[in-house]
Amino acid sequence: MIKEINAIPQEEIERIVKEKYPDDIIEEKKERDFLPPLTNVEQGKVVVRYPPEPSKHPHIGQMLSFCINHLIAERFGGKRILRFDDTNPGKVGKEFYESFREAILWMGLKIEEEVRASDYMELYYTKAEELIKNNDAYVCRCSREIMSKHREQGKVCSCNIENTDEINLDLFDKMLKGEYADGEAVVRLRGDMKSKNHVLRDPVLLRISSLPHAIHGDKYSVWPMYDFESPIMENIMGVTHILRSSEFGKMREELQSLISKKLGIIPPNFTEYRRFKIIGAPTQGRKIRELVNDGIVTGWDDYRLVTYQALKKRGIQPEVFLEIVKRIGATKSATSIDWSLIFSINRKFIEPNSKHLFFVQDPIKVKISNITTQEIEISYHPKIDSLGKRKINVKDVIYLSGDDRGLLKKGKILRLKDLCNIKIIEETSQNEYKAEFLGNELLSDAPRIQWVSEYVPVVIIKPEMLYLNNRIDKNSLKKIQGYGEINLKKLEVGEIIQLERFGYVKVNRINKKIKMNYIHG
RNA sequence: GCCUCGAUGGUGUAGUUCGGCCAAUCAUUGCGGACUCUCACUCCGCAGACCCGGGUUCAAAUCCCGGUCGAGGCACCA
């Protein structure tokens with residue numbers, strides 16, 4: 001019977017089904033969903049957060065993470081909270097708060113509410129006391145080394161066994177009063193020292209750090225750990241969904257849920273996706289800071305970096321980031337995205353707004369005989385008329401790109417784009433040629449090349465892959481020199497243009513020389 | 001070492017829940033063509049993938065078992 005059915009051709013089956021059971025046909029053309037699936041979603045009641053630590057400038061991984069959260073809120077009509085996780089006074093820097101806020105708004109994401117975790121210190125203290133009173137936490141005076149050894153071995157700490165709630169409360173009070181130095185006492189959760197999840201082995205909840213805080217100065221010296229601060233903040237801010245990358249680890253999710261439970265809080269829904277990596281660029285804040293400190297890159301805004309500052313300075317458009325997320329999604333597989341994707345998206349945004357101009361690198365001088373001096377007018381863009389036109393005065397000396405050197409053979413006929421045809425006579429000296437004017441009419445088979453007559457010197461910084469085969473390429477920031485047409489002087493600083501047959505660049509400085517940076521091809 | 005997660009073209013993904021419509025989607029990349037007085041944009045075409053080995057089944061990218069490889073976590077950082 002089955003074999004008989006299988007023998008019927010597919011089209012036949014479709015025809016029969018359509019005729020006899022039209023109602024059973026389910027037409028489904030599912031749109032590809034770039035957002036991760038969520039549980040417990042209630043339209044209009046979703047609250048997500050952007051939780052940066054203001055200890056460095058944002059990088060692309062965080063930016064894409066913000067995009068995902070923004071998109072989720074957008075889809076479900078929810079709220080976005082910018083929460084600064086600034087509870088490590090040793091790391092927090094004042095300038096970074098604004099840097100994150102700026103990056104988020106720059107990308108066009110929305111922020112409905114903003115908080116600083118460090119503004120809730122009394123709350124953490126109250127919650128810690130609550131845990132101590134409930135026998136869920138204790139003060140531990142062991143050294144860091146012993147604690148870590150015990151956690152490794154799964155050995156219960158004597159502080160856990162011996163300290164009564166009264167003693168713990170008293171010790172905690174002393175911590176708050178500043179009677180202990182850094183490292184001399186911590187509050188620990190009574191977790192499970194035998195748990196396979198090592199994070200659950202009596203983790204530290206609060207510790208002492210006397211370092212001044214960028215916002216609060218010396219006001220506090222007992223600081224909550226991330227795993228303690230986070231569930232409390234999420235609860236009071238009403239966060240329903242946490243979407244974060246895997247660097248926080250599945251094990252923390254369990255811990256944070258446990259802490260929530262002990263505090264009588266319902267934990268939010270966790271969704272984890274992979275870290276965003278870019279081929280050839282460091283994507284860890286720590287690593288980037290190292291490169292900056294070691295002077296391997298010129299700063300946080302070095303063109304080769306994937307920080308907010310670098311990307312923005314380079315000329316990557318704000319809309320690109322949301323678009324990246326829509327294209328690559330938020331999966332769990334460990335992957336690296338390619339610069340070419342970023343470039344391709346960016347190109348689509350900048351191309352309709354970019355004037356096209358001429359530039360020749362490594363210039364070659366060509367003297368043309370028989371040419372009459374003339375003024376020509378060329379559009380700034382072949383399709384977008386609103387970008388206007390520019391005039392070029394052509395004399396008998398022009399410059400060609402060193403890239404086209406191979407074409408400069410005796411007798412070769414070339415088409416100077418938008419101008420005229422020339423015939424190469426001879427090479428008169430190093431980098432100098434003599435040519436002959438050959439009329440203006442378009443010759444279909446002559447190579448069309450860029451040229452410059454009246455020029456301005458141009459210096460272009462071109463970033464390449466910082467990492468090649470896992471090794472730092474110290475020469476990855478290249479400098480290209482050449483001549484650009486004189487109209488480059490009329491551009492504005494910050495303007496993005498296309499240098500034909502070269503690539504897209506951003507104008508950084510207009511002086512005797514014009515300084516630009518290469519964005520991409 | 002321990003824990004968790006993952007594996008589809010060069011890159012990123014869709015499809016896996018519930019096996020058949022998958023000789024496998026879309027994008028990017030590469031190559032070719034059209035358009036254009038650019039190697040840009042746009043349009044058309046081509047190339048290129050189910051980690052390996054077993055098993056279940058009429059039928060496996062999809063289910064089961066065993067490997068391999070990769071990522072993340074295992075702080076008094078976040």
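Proteins come first, then strands; the chains are lettered A, B, ... in the order of their sequence lines, and each starts at number 1.
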What residues in residues 89-101 of chain A put a non-hydrogen atom under 4.0 Å from any atom of RNA chain B?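 RNA chain B contact set from residues 89-101 of chain A: A:Lys91.
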
[X] with [Y]: basic N within carboxylate O range, under 4.0 Å:
{"X": "A:Lys250", "Y": "A:Glu254", "value": "no"}
{"X": "A:Glu152", "Y": "A:Lys149", "value": "no"}
{"X": "A:Arg405", "Y": "A:Asp362", "value": "yes"}

Going by the side-chain hydrogen bond (donor to acceptor under 3.5 Å, both in side chains) test, name the single residue among A:His520, A:Glu351, A:His356 that passes it with A:Tyr504.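 It is A:Glu351, the one option of A:His520, A:Glu351, A:His356 that forms the side-chain hydrogen bond (donor to acceptor under 3.5 Å, both in side chains) with A:Tyr504.
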
Across nucleotides 4-9 of chain B, 5' to 3', mark each nucleotide with B, S or - according to how protein heavy atoms within less than 4.0 Å reach it. SSSS--

So what's the dot-bracket for RNA chain B: Watson-Crick or G-U pairs under 3.5 Å, [ ] if a pair crosses, | if it pairs off-strand? (((((((..(((.......[.....)))((((((.......))))))...(((((..]....))))))))))))....

Selection from [options] that lies nearest to any side-chain heavy atom of [X]:
{"X": "A:Met147", "options": "B:U29, B:C76, B:A78", "answer": "B:C76"}
{"X": "A:Glu247", "options": "B:G72, B:C77, B:U29", "answer": "B:G72"}
{"X": "A:Gln498", "options": "B:C41, B:G12, B:U38", "answer": "B:U38"}
{"X": "A:His356", "options": "B:A78, B:G72, B:U38", "answer": "B:U38"}
{"X": "A:Met225", "options": "B:U29, B:G12, B:A75", "answer": "B:A75"}
{"X": "A:Lys277", "options": "B:G72, B:A78, B:C41", "answer": "B:G72"}

Take the protein atom CG of A:Leu205 and the nucleotide atom P of B:A78, then report the distance between them rounded to whole Å.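 So the two atoms are 12 Å apart, to the nearest Å.
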
In whole angstrom, what separates A:Glu53's CD from B:C77's C1'?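 After rounding, the reported distance stands at 7 Å.
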
Taking the six-membered ring for Trp, is the centroid-to-centroid distance between A:Trp223 and A:His213 below 6.0 Å? yes

Using the C1' atoms only, state how far B:A14 lies from B:U62, rounded to an integer number of Å.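 The answer is 13 Å between these two C1' atoms.
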
For B:A78, take OP1 and OP2 only and decide whether either is under 4.0 Å from a side-chain N or O of A:Arg207.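 For B:A78, OP1/OP2 do have a side-chain N/O of A:Arg207 under 4.0 Å.
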
Strictly by modelled atom types, are A:Gln317 and A:Asn346 linked by a side-chain donor-acceptor pair under 3.5 Å? no

Check every strand shown and say whether A:Ser148 touches a base, only sugar-phosphate, or nothing at a heavy-atom separation below 4.0 Å.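 Here A:Ser148 touches no strand at all.
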
